[in-house]
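Structure, as structure tokens:
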Amino acid sequence: MEKKVAVIGAGISGITTAVLLQQNGYEVSVYTNEHPLKEIKNPYFASQFPSASIIPHSVFHPDIIEIFKLSQLFFSKLYEISFTGLTKHEHFELFAFENSIDDYAPLISGYETLSDLGWHPRHPEIPIKSGWKFNCFFADWTDYFPQLVHSFIQNNGAFISGAVDLNSYATINEDIIINCSGLGATQFTDEDKSPLILKGHLLKINNSVELKSPSGNTVSYNFSAGPEIYADSFGTPFDVYCYPRKHDWILGGSRFKGTLDSNGKWISKDELSQQFPTQIESLNSEIIKETFGTDLSEFREKEYQHSYRYVRNKKKGLRLESENTSDRLIIHNYGHGGAGVTLSWGCAFTILQIIVKKTGILNTDITPEQTLTSLANKLTKL
């Protein structure tokens with residue numbers, strides 16, 4: 001079998017997969033409706049609107065921890081070689097109620113529980129009762145994603161414009177197909193007719209200032225104030241967050257549940273989903289003023305945004321598997337919910353492993369260490 005691969009979709013999952021396969025000797029073409037660097041402001045193309053924290057929120061898969069560990073390895077190596085746009089924050093997950101520690105948290109360097117913290121962001125009126133912190137990777141989207149795309153192009157990657165019928169792949173000639181179509185995967189005839197799709201709201205504060213901890217590190221946080229203060233119409237608590245980037249802050253967020261109607265338009269039974277949640281601005285404003293002495297009202301350049309995250313559902317969740325066909329190797333990589341960036345490298349490496357195993361191109365298993373060394377060497381030369 002020739003080492004020619006078609007990747008469907010030019011979001012973060014598709015581009016990351018394409019770059020990793022290129023670095024391992026594959027000739028890759030990416031099929032997409034739009035060039036990934038074209039600013040289209042389409043909320044259904046979630047890679048235009050990522051907060052880009054490397055945290056596995058709003059995604060379901062039985063092997064999520066192992067995939068996350070793989071991603072952490074790759075992000076660590078990219079950070080080591082100073083890959084463009086990849087930063088590290090002193091990140092806090094904080095709750096105004098008792099909350100159990102997520103399984104992923106102790107896997108990240110710098111992990112400490114609330115009781116061990118000498119300092120953390122605070123709200124002036126809402127006591128924090130549980131939480132933790134760690135050293136979290138962040139992908140500053142205005143730099144990180146374009147660099148990935150340029151890496152793909154510089155390695156002779158090709159973009160092929162046009163829609164693809166995922167139920168036939170009739171317009172694709174390659175023998176290996178990686179489906180990273182995101183919301184486009186809802187067109188599959190065997191997918192749920194009412195998939196779970198989350199609507200998320202973001203507020204971008206332009207020309208912002210640095211937010212630093214007493215130790216001099218850039219600070220980010222997620223804060224859950226409790227369902228009586230910020231929740232959907234059904235009482236599911238939401239958190240707000242502040243993610244500083246080089247030129248702006250990204251404030252969020254929301255996770256309103258909905259699905260698609262027969263015309264592909266997002267719909268929800270939650271009437272609150274139709275309005276931008278005021279708590280995103282008010283809670284963050286109070287925390288930033290109390291903790292850093294910075295008044296949010298001083299910043300006039302604001303952009304209110306929303307986008308959609310394809311979760312599928314808790315039972316199915318992330319689809320990361322090969323499909324048995326008579327003439328091609330097809331691998332699916334979609335349903336990342338709010339963790340497309342977080343799991344991008346872990347999913348890409350899993351896809352590489354599947355290809356190597358299914359095609360028998362190599363006589364031995366490929367290891368993360370081998371792949372990391374090769375990837376770092378080649379990206380450093382670009």
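Values in this document were obtained by computation on a predicted structure and should not be read as measured data.
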Over all atoms of both residues, closest heavy-atom pair of A96 and A225
CB-O, 3.6 Å
For T84 and D143, work out which heavy atoms get closest and say how close.
CG2-CB, 3.8 Å
Is the shortest heavy-atom distance from the side chain of S254 to the side chain of P277 under 4.5 Å?
yes
Heavy atoms of N263 and D261 approach each other most closely as N-OD1, 2.9 Å
Counting only heavy atoms not in Q353, do more than 12 fall under 6.0 Å of its CD?
yes
Exceeds 12 heavy-atom contacts within 6.0 angstrom, atom NZ of K315:
no
Listed once per pair and sorted, the salt bridge (Lys or Arg N to Asp or Glu O under 4.0 Å) pairs that draw on residues 50-69, sequence neighbours left out
E66-K69
Is the ring centre of Y221 less than 6.0 Å from the ring centre of F223?
no
Tell me whether the centres of the aromatic rings in H306 and Y308 are closer together than 6.0 Å.
yes
Could I get the full list of salt bridge (Lys or Arg N to Asp or Glu O under 4.0 Å) partners for D248, not counting sequence neighbours?
K204, R245
Is atom CD of E271 surrounded by more than 12 heavy atoms (other residues, nucleotides or ligands) closer than 6.0 Å?
no
If you draw a 6.0 Å radius around NZ in K302, do more than 12 non-hydrogen atoms from other residues or ligands fall strictly inside?
yes
Inspect the contact between K133 and E90 and indicate whether a charged nitrogen and a carboxylate oxygen are less than 4.0 angstrom apart.
yes
Taking the six-membered ring for Trp, are the ring centroids of W132 and F95 within less than 6.0 Å of each other?
yes
Got a sec: does the NZ of K212 have more than 12 other heavy atoms crowding it under 6.0 Å?
yes
I want to check something: taking the side chain as every heavy atom from C-beta on, are L375 and F74 in contact at a cut-off of under 4.5 Å?
yes
Residues 181-192 vs salt bridge (Lys or Arg N to Asp or Glu O under 4.0 Å), sequence neighbours excluded, gives E191-R312, D192-K316
Taking distance alone, no hydrogens or angles, what donor-acceptor pairs closer than 3.5 Å link side-chain atoms of residues 161-170 to residues at least two apart or in another chain?
{"from": "D165", "atom 1": "OD1", "to": "N167", "atom 2": "N", "distance (Å)": "2.9"}
{"from": "D165", "atom 1": "OD2", "to": "S168", "atom 2": "OG", "distance (Å)": "3.4"}
{"from": "N167", "atom 1": "OD1", "to": "T189", "atom 2": "N", "distance (Å)": "3.2"}
{"from": "N167", "atom 1": "ND2", "to": "Q187", "atom 2": "O", "distance (Å)": "3.1"}
{"from": "S168", "atom 1": "OG", "to": "A170", "atom 2": "N", "distance (Å)": "3.3"}

Heavy-atom pair with the smallest gap, counting every atom of Y44 and G264
CE2-O, 3.8 Å
Only pairs at least two apart or in different chains count here, so list each salt bridge (Lys or Arg N to Asp or Glu O under 4.0 Å) that has a residue in residues 71-89.
K77-E80
Does the distance from a Lys or Arg side-chain N to an Asp or Glu carboxylate O, for D239 and R255, drop under 4.0 Å?
yes
Verify whether the ring centers belonging to F134 and F92 lie closer than 6.0 Å.
no
Between V59 and F68, is there a side-chain heavy-atom distance shorter than 4.5 Å?
no
is_close_aromatic(F75, F83), centroid dist under 6.0 Å
no
Does H89 have its ring centroid less than 6.0 Å away from the ring centroid of Y243?
no
Should we say atom CD of E369 is surrounded by more than 12 heavy atoms from elsewhere, each under 6.0 Å from it?
yes
Look at atom CD of E125 and say whether more than 12 heavy atoms of other residues, nucleotides or ligands are closer to it than 6.0 Å.
no
Shared-cluster residues of I267, by chain and number - hydrophobic side chains joined below 4.5 Å:
none
Check this for me: D102, atom CG, are more than 12 non-hydrogen atoms of other residues, nucleotides or ligands nearer than 6.0 Å?
yes
